[in-house]
Amino acid sequence: NIRVLNMSFFLDDPNVAAHQPVLQALERAADAGIIPVAAASNDGPRPRSLHSIASYPHVVTVAAFDARGTRKRDDDRIASFSSRGPGDHGELKPDVATPGANVVVGTVRGGYTRSNGTSFASPIAAGVIATWLEANPSLNVTQVQQIVAETSHPLSSYDHFAQGYGEMDALAGLHKAISMREPQPTA
């Protein structure tokens, strides 16, 4: 019963036609109710630096921001390494930003370290989206993208192609997901 698919990788084959099988599989996944979430990649800050999977319309594309060690949102910055849109065909990508700089991660030896990358930002978004789906299992990828658009907090000094709709707000998104539930028939 998989509902969210996180993709912290990119396809580096310069032959875009080689990406078609993966893109078709993502479209089938989205049609089946699975929400594909992709790391924007780490080729920023240059424009049009997203990779093919992150450009795909049926994917929630995640940029990385740096919280700069504070809880305040007003000093947050989009990480310089976070790839920028637009997508391959002019799509408004990325969709959203989550923490991806100085993220505490587990190591293979059982310890912890700090690391950077959109590969750490996208699983955070996938986890948040999973909570929204728990509250409203009928959500599809378009509705999830709508929730992101309506509840994220934009950073004032960045355009859409750097941050998407802004920093993901898990709680506001959860409330929106609940408000979108289909009314249940009463007996």
Side-chain angles (χ1 to χ4, degrees), residues 1-9 22-41 50 52-65 67 71-74 76 78 82-100 103 118-156 158-187:
N1 198 10
I2 297 170
R3 292 298 317 279
V4 182
L5 171 65
N6 179 65
M7 296 170 289
S8 291
F9 65 88
V22 174
L23 299 179
Q24 290 167 353
L26 290 175
E27 186 169 355
R28 285 194 303 276
D31 289 345
I34 297 170
I35 312 300
V37 179
S41 61
L50 295 171
S52 62
I53 293 172
S55 292
Y56 199 61
H58 297 292
V59 168
V60 177
T61 303
V62 186
F65 74 82
R71 292 176 155 284
K72 300 181 306 179
R73 190 176 285 131
D74 63 350
D76 293 353
I78 295 299
S82 189
S83 290
R84 285 10 184 212
D88 291 341
H89 305 288
E91 301 89 353
L92 291 174
K93 292 287 185 174
D95 294 292
V96 70
T98 62
V103 177
T118 59
S119 290
F120 302 112
S122 63
I124 293 170
V128 168
I129 291 166
T131 65
W132 299 349
L133 289 166
E134 185 71 21
N136 184 349
S138 69
L139 293 174
N140 61 39
V141 69
T142 302
Q143 291 168 315
V144 167
Q145 288 170 319
Q146 175 189 347
I147 292 170
V148 163
E150 293 178 12
T151 63
S152 295
H153 300 278
L155 297 169
S156 61
Y158 296 92
D159 67 9
H160 186 99
F161 297 126
Q163 66 178 323
Y165 291 100
E167 293 182 357
M168 183 176 250
D169 186 327
L171 184 58
L174 179 61
H175 290 301
K176 181 68 178 176
I178 291 169
S179 76
M180 294 169 70
R181 283 195 284 211
E182 296 288 325
Q184 298 299 314
T186 56

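Scope of the values below: all heavy atoms of this structure, side chains included, with no hydrogens, waters or symmetry mates. No experiment lies behind these values; they were computed from the predicted model shown.
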Any L5 side-chain heavy atom under 4.5 Å of L26 side chain: yes
Sidechain-backbone polar pair: E182 side chain, S138 backbone, donor-acceptor under 3.5 Å: no
Residues that I124 engages under side-chain contact (heavy atoms from CB on, under 4.5 Å), provided they are two or more places apart: T98, P99
Backbone N/O of V59 and side chain of K93: donor-acceptor pair under 3.5 Å: yes
Donor-acceptor under 3.5 Å (T118 side chain, A39 main chain): no
E134 atom CD, over 12 foreign heavy atoms within 6.0 Å: no
Donor-acceptor contact below 3.5 Å, side chain R3 vs main chain G33: yes
Distance (rounded to the nearest 0.5 Å) between Q145 CD and T61 OG1: 7.5 Å
Distance in Å, E167 CD paired with R73 CZ, rounded so as to fall on 0.5 Å steps: 5.5 Å
Donor-acceptor contact below 3.5 Å, side chain H153 vs main chain Y165: no
Gap between atom NZ of K176 and atom CG of N136 - 0.5 Å precision: 11.0 Å
Side chain to side chain contact (heavy atoms under 4.5 Å, CB included) partner of M7, the single match among V37, V62, I53: I53
